[in-house]
Number of protein chains: 2
Amino acid sequence: MTKTTVRKREAAATRAAILAAARERFLRESYDSVGLREIAGDAGVDVALISRYFGGKEGLFREVVAVDKEEKLIREPLTAAELPAYLAQLVVEDGDDHRQHRMEMFVIMLRSASSPKAGQIIRDLVHLDVLGPLAEIIGDEHAELRANMLLAILMGIGVLRTIMRVDALDGSPDQRAECEDRFRCLFEAALSC
Amino acid sequence: MTKTTVRKREAAATRAAILAAARERFLRESYDSVGLREIAGDAGVDVALISRYFGGKEGLFREVVAVDKEEKLIREPLTAAELPAYLAQLVVEDGDDHRQHRMEMFVIMLRSASSPKAGQIIRDLVHLDVLGPLAEIIGDEHAELRANMLLAILMGIGVLRTIMRVDALDGSPDQRAECEDRFRCLFEAALSC
DNA sequence: GAAATAAATCAACAACTGTTGACTTGCTCG
DNA sequence: CGAGCAAGTCAACAGTTGTTGATTTATTTC
């Protein structure tokens with residue numbers, strides 16, 4: 001048996017379909033309120049396959065965030081001076097797909113961080129892959145506190161927009177540009193005050 | 001039967017005990033992950049009493065936030081100039097009980113906002129009792145956007161501290177005072193930039 | 001074409017969810 | 001005292017949750 005081209009009914013494809021459907025659900029609801037049967041229904045597969053492929057719900061969630069994590073949340077080659085403008089663009093969310101994807105990642109983290117099961121996974125991710133890189137970019141003596149402030153603003157805006165459904169950014173292109181300016185200004189303040 | 005002193009085995013007291021236990025749980029977990037049996041266990045009562053007194057889980061949650069809401073989230077007599085210092089104190093959380101209680105309210109809101117059942121209750125509360133008063137205090141032409149920015153910072157810090165368990169504020173009194181200064185500065189920036 | 005094997009399905013499981021009705025306890029009033 | 005009634009208990013419900021074993025279906029290899 002030549003193992004390379006096995007996957008007779010495309011196991012990899014269904015695995016990917018489950019992963020995509022799960023990401024979509026976790027983007028809109030919390031870990032606890034999403035049922036495996038809903039995810040399976042969206043993906044067009046049987047529920048049993050999820051536990052089979054991912055070892056269970058927790059394994060599935062862990063893989064969803066692990067996939068997103070690979071395309072680093074905070075892009076490395078970035079100076080402290082570029083940070084405010086970069087984060088402001090991230091927030092307004094009309095950038096390229098990668099950037100949008102990155103903001104969605106924050107939403108997934110926010111939605112499930114209060115679940116006993118998923119919480120630890122999320123917390124580890126935040127410390128290791130967000131706060132660490134951010135502090136490294138900032139690099140000054142108060143780097144840690146400032147990284148916290150930046151992330152707080154980022155998280156807060158994420159909460160308001162997607163979870164609380166506050167629509168400060170749902171205006172005309174002009175209004176959005178104005179918002180971006182103000183947010184950039186806010187991020188600058190967090191770095192220099 | 002003189003109705004005034006009825007409550008033979010203190011119905012009001014058990015009701016209060018349930019409410020207190022529920023608040024404590026909702027402060028630490030999400031709406032979906034908290035079970036009525038856990039709450040009943042903490043309060044030392046039978047599970048059945050919860051559905052009996054509050055009409056169900058959703059009714060219980062609605063009453064928990066309604067109680068907190070009474071002592072207004074944003075105290076009314078406050079000028080725009082006083083706002084940054086007030087919010088910074090709120091964040092550092094070593095104020096009086098009322099203030100601490102108010103910050104906890106934000107945590108309850110954050111934890112359960114992603115639940116399909118509890119989400120709408122929370123969203124209504126945010127719009128009506130937080131963003132409204134905030135915008136009114138600010139009062140200038142960009143009041144709405146600025147209220148959003150303030151709340152975003154407030155929410156973001158709440159997320160980081162309690163949900164993500166980032167410990168920027170767990171230092172010495174000196175460090176806490178320094179943090180308070182920086183946050184006040186950040187709130188000022190949100191109002192004036 | 002037949003055996004072998006991976007992929008997908010089905011049905012059922014045990015555990016838990018919130019909720020309800022019937023029952024028991026304990027207090028108060030006539 | 002004993003009737004009445006509120007407060008609390010108990011057990012069970014119908015529904016859902018994640019998960020597992022046996023079974024069927026489709027694909028490949030000899």
Side-chain angles (χ1 to χ4, degrees), chain A residues 1-22 25-26 29-64 111-112 114-121, chain B residues 1-22 25-26 29-64 111-112 114-121:
Chain A
M1 44 180 168
T2 53
K3 280 163 249 152
T4 51
T5 356
V6 184
R7 72 172 80 126
K8 322 218 167 158
R9 255 170 298 173
E10 302 234 73
T14 58
R15 232 189 94 101
I18 293 172
L19 217 50
R25 285 280 180 181
F26 288 134
E29 284 176 46
S30 71
Y31 178 85
D32 297 299
S33 67
V34 173
L36 291 187
R37 279 169 180 82
E38 298 173 291
I39 297 176
D42 292 352
V45 303
D46 194 277
V47 207
L49 287 184
I50 297 182
S51 291
R52 203 159 280 263
Y53 279 139
F54 299 92
K57 189 181 185 180
E58 204 174 325
L60 173 61
F61 184 77
R62 188 171 273 119
E63 188 138 339
V64 166
R111 287 210 189 273
S112 294
S114 287
S115 159
K117 300 274 180 63
Q120 196 54 51
I121 302 173
Chain B
M1 43 180 166
T2 53
K3 281 164 245 145
T4 51
T5 356
V6 183
R7 73 172 79 128
K8 324 225 165 154
R9 259 165 295 172
E10 301 236 72
T14 57
R15 231 189 95 101
I18 293 172
L19 216 52
R25 284 281 180 180
F26 288 134
E29 284 175 45
S30 71
Y31 178 85
D32 296 300
S33 66
V34 173
L36 290 189
R37 280 169 180 81
E38 299 172 293
I39 297 176
D42 293 351
V45 302
D46 195 278
V47 207
L49 287 184
I50 298 183
S51 290
R52 202 160 279 267
Y53 280 141
F54 299 93
K57 189 182 186 181
E58 205 174 325
L60 173 62
F61 183 78
R62 189 171 272 118
E63 188 138 337
V64 167
R111 287 212 189 274
S112 295
S114 287
S115 159
K117 300 273 179 63
Q120 195 54 51
I121 301 173

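Here is how names work: the chains are called A, B, and so on, in the same order as the sequence lines, proteins then strands, and each is numbered from 1. Only this structure's heavy atoms are used, side chains among them; waters, hydrogens and symmetry mates stay out. Given the structure is predicted, the values throughout are model-derived calculations rather than measurements.
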How long is the line joining CD1 of B:Ile18 and P of C:dT19, in whole Å?
-> 13 Å

Output the single nucleotide from C:dT17, C:dA8, D:dT19 whose closest atom is nearest the side chain of A:Leu49.
-> C:dA8

A:Arg25 CZ to A:Leu36 CG distance, which is reported to the nearest 0.5 Å | 11.5 Å

Take atom OH of A:Tyr53 and atom P of D:dT19, then tell me their distance rounded to the nearest Å.
-> 17 Å

Within a strict 4.5 Å, meaning less than it, do heavy atoms of the A:Ser114 and A:Asp32 side chains meet?
-> no

When you measure from the side chain of A:Arg52, which nucleotide among D:dG21, C:dT20, D:dA7 comes out closest?
-> D:dG21

Taken to the nearest whole Å, CD1/B:Ile50 to P/C:dT19 is 9 Å

When you measure from the side chain of A:Asp46, which nucleotide among D:dC10, C:dA7, C:dT9 comes out closest?
-> C:dT9

Rounded to whole angstroms, how far apart are CD1 on B:Ile39 and C1' on C:dT19?
-> 14 Å

Side chain of B:Ala48: nearest nucleotide among C:dG21, D:dG21, C:dA7?
-> C:dG21

Ranking D:dT19, C:dT20, D:dA7 by distance to the side chain of A:Val47, first place goes to D:dT19

Parallel, tilted or perpendicular for B:Phe26 and B:Tyr31, by the 30°/60° rule?
-> parallel

Check the side chains of B:Ser112 and B:Ser115 for a donor-acceptor pair under 3.5 angstrom, ignoring hydrogens and angles.
-> no

Phosphate OP1/OP2 of D:dG8 contacted by B:Thr14 side-chain N/O (<4.0 Å) = yes

Gap between atoms CZ and P, on B:Arg37 and C:dT17 respectively (whole Å) = 6 Å

From CG of B:Asp32 across to C1' of D:dG18 the rounded distance in Å is 16 Å

Per atom distances to the B:Lys57 side chain, the nearest of C:dT19, D:dG8, D:dT19 is C:dT19

Separation of B:Tyr31 atom OH from C:dG18 atom C1', in whole Å?
-> 9 Å

When you measure from the side chain of B:Thr14 to the backbone N and O of B:Ala11, does any donor-acceptor pair fall under 3.5 Å?
-> yes

